[in-house]
Amino acid sequence: MRYDYKTIDKKWQDRWQNQHAFEAVNDYSKPKYYALVEFPYPSGQGLHIGHPRPYTAMDIIARKKRMQGYNVLFPIGWDAFGLPTENYAIKNKVHPAEVTKKNIKHFTEQIKSLGLSFDWSREIDTTDPNYYKWTQWIFLQLFKKGLAYKKEIAVNFCTSCKVVLANEEVVGGVCERCGSEVVRKVKSQWMLKITDYAERLINDLEGLDFIERVKTQEINWIGRSEGAEVKFATTAGDDIVVYTTRPDTLFGATYMVMAPEHELITRWKEKISNYGDVESYREAAAKKSDFERTELVKEKTGVRLEGVLAINPVNGKEIPIFISDYVLATYGTGAIMAVPAHDTRDWEFAKAFSLPIIEVVAGGDVEKEAFTDVETGVLCNSGFLDGLEVKEAKKKITEWLTEKGIGRKKVNYKLRDWVFSRQRYWGEPVPLVYCEKCGWVPLPEESLPLRLPEVEHYEPTDTGESPLSKNTDWVNTTCPACGGPAKRETDTMPNWAGSSWYFLRYCDPNNPDCLASKEALDYWMPVDWYNGGMEHVTLHLLYSRFWAKFLYDIGVLSCKEPYLKRTAHGMILGENGEKMSKSRGNVINPETVISEYGADGLRLYEMFIGDFEKSAPWSQASIKGCKRFIDRVAGLTDIINGNGVTKELESSFHKTIKKVTEDIDSMKFNTAIAAMMSLVNEIYDHGSLTKDELLTLVTLLCPFAPHISEEINEFLGGTTLLSLSPWPSYDEAKTKDDSVEIAVQINGKLRGTVVVSAGATKDEMIDKAKTDEKIGKLIEGKTIIKEIAVPVKLVNIVIKP
RNA sequence: GCGGGCGUGGUGGAAUGGCAGACACGCUGGUCUUAGGAACCAGUGGGCAACCGUGCAGGUUCAAAUCCUGUCGCCCGCACCA
């Protein structure tokens, strides 16, 4: 039989679809398995060659689980709100909904051509009002529980996208998406209190089967630290509250620094004699983009507040106060006590401004550099703390502060609340109105969805106002509470909103009454295995865990964590080892690859290319090997000889079944394929195989290369879908050989091999090794110091040199 | 600076204490062919050899690509987080 993929691919894809082969059933008595891939953003560029890698991987897992008898949910949908679509729409004067429709159509065709076993009957689209109705509903619940609030804050504003960005969307001081400059802008924004969940988002990671680098990255991003909050009195009357992880160094605090944005500064306007200088420094800092702020890390700048002094609570000393942009308004309390002797940044600032440096932890040379070691130092110049180790001193001073009412233990996080407003058109409208009398009022739940209005123009504005604000007919409405005039919120939600709960909708995608029925959620959730990109760890993964926890708290979900297992795939790079991009000219188009090698060829190659978790360069040459392998499998139909099993191949079959079964579970797809290649090579060496053996082989191959496997199954007389046939089992006893070749080492160096029976004892192995002619000669007359035998592996004879 | 990871033939990669280089690409030679960028067969880490080989230098062990210490190089993430 020849492998004619051009007809075979289409034939089986149609059959799977017509027979509804991969649709999950709502039979809640069956054991379930929920396999999930990150749903794509349907961009205008179409499918990237990187997409099939995680899709095929999870497809293999889903297909195998299905063959093992599970009721498998393996869904797909579209994360379709977002900027690129909107920008394209603006440029080409088409409605974003039209663009989205077109892109989804193209993506659907491309994804279907890969033969993935998605359940298309549960397809979802975040821009569908029947879907975003529930995104809005969740937002309303957050609002009602006080977890969504509006606040005037300095936000990250992308000068090119003309939109506010979340912290997670600012990478290296520039916009994650377009690479343009990000500036600070004070705007009134909807915020979600993800910080309320910081502790749980860290703690609940324990016990989850997430790969370690995902856990570490989430933990680092949340950035928990323990320390103390301390009140410093000032000569201006108001106290300055600081957060420090080193309360033990309090005696060494020789000055204080506040962030330029700190609110006390304006309050002290009359008391600060050099207010002009202070004001101009603040203005300069506000103008700086994040990029500029981080660029100038080396040099410390600042202005002293003349006329106001702070008082160090431990010794009553008056110390100066500065403002400097090395102190962030958004972390801790926006003010610090500076201990130049034991903090590198404070040390640099103190040197630049000739401030005193007082050593309070002995162990370093604080004239040369800050001594920051917390393990070895011993307290000095610190009154009642003298002689204590850092750890003890921290405890004692915190107790002391608490007693005196000037401080307390405090846990802090780097994680900030989630900026949830975007000044763009193509997103979910916020279901709230503003009433002069009642304030922010939620729309009644039964009025949802609040649909995006049809508008003439959806260009973003330079002022940072949402395009929706120009649509006065839509904006002006009545207050649901008092019936008076009210205005709608004109900002929309970020594109992360729809993706924060989509995996729940798959459980019950058409339910008009709730986001998904309790029964469906209780049955399908949590997701058993979720694979996605590392780039989403501090964005989508964190956000969706937060929403899931919230939905757990309000009784919608019964599980505390949405995903039991999380893995991450590596990128597919260009042939030159660089990231694929149009500008580098190294882009590979999946459609071209499929037309040249077939869907199975592409699938196999993407799985064979290397370690699934690592990036790997594409190779136009190497894919041929996978195509060749499929041809050789198809060619096996020409050497079929009888039924049953052949003694010579039996053990190899059992070994291969075992290997493939185990390798799929641990995502070692490359070695699973290698094992099947080896088996095929062995069959050709043997010269023939039986019909049953070929059936076993294609059953194993089915999750990887389903089209050719189905075709061969039919050729062998199969009348039902191989994709729904039982997964092959193996006999552990038959994976073991009767006799094995073991290595014989002398002093750890390989000196020969001998064949022993598989059940040989250590003594038998050693005896056998010694009677080998070559080994015998080498040890003749030598003193044997030690003999080591490792069953079915090797014998090592240690002799005196 | 902090955190995570990596370093193995000409190439992608196997092997996670026990015969380094599975499997595949490429290459060399051959068969068949009008032809080969098709298919098939044989060979393919280096060295004439003894031997030598997993970035480099040490160490632990009967035994190290694998564990430990140091060092060099590369990739990714975070980055003035007090």
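Quick note on labels: first sequence line is chain A, next is B, and so on, each numbered from 1.
Between B:C80, B:G3, B:A20, one nucleotide has an atom nearer to the side chain of A:Asp325 than all others, and that is B:C80. When distances run from any side-chain atom of A:Lys749 to the nucleotides B:A15, B:G18, B:C52, the shortest one goes to B:C52. Candidate nucleotides B:A82, B:C62, B:A15 were compared by shortest atom distance to the side chain of A:Ile788, and B:C62 ranks first. Set against B:G12, B:C19, B:C6, the side chain of A:Pro617 has B:G12 as its closest nucleotide. The listed nucleotides are B:A15, B:G3, B:G13; the one nearest the side chain of A:Thr216 is B:G3. In this structure, of B:G13, B:C80, B:C19, it is B:C80 that holds the atom nearest to the side chain of A:Tyr326.
At a threshold of 4.0 Å, the pair A:Asp772-A:Lys774 does not count as salt-bridged, since none of the basic side-chain nitrogens sits closer than that to a carboxylate oxygen.
Side-chain N/O atoms of A:Ser225 and A:Tyr413 include no donor and acceptor closer than 3.5 Å.
Judged by distance alone, with hydrogens and angles left aside, A:Lys300 brings a side-chain donor or acceptor within reach of the base of B:C80, the pair sitting under 3.5 Å.
Here B:C78 presents its C1' atom at 8 Å from CD of A:Gln217, a figure rounded to the nearest Å. Rounded to an integer number of Å, the gap from A:Asp611 CG to B:A15 P is 9 Å.
No side-chain donor-acceptor contact under 3.5 Å links A:Thr249 to the backbone of A:Gly252.
Every stem involving RNA chain B, taken as at least 3 paired positions in a row under the Watson-Crick or G-U wobble test at 3.5 Å, is listed here: B:1-7 with B:72-78, B:10-12 with B:23-25, B:26-31 with B:39-44, B:55-59 with B:67-71.
In this structure, B:G9 is classed as syn because its glycosidic torsion stays within 90° of zero.
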Let me have a per-nucleotide readout for nucleotides 23-28 of chain B, 5' to 3', with B, S or -, counting only protein heavy atoms under 4.0 Å.
BSSS--
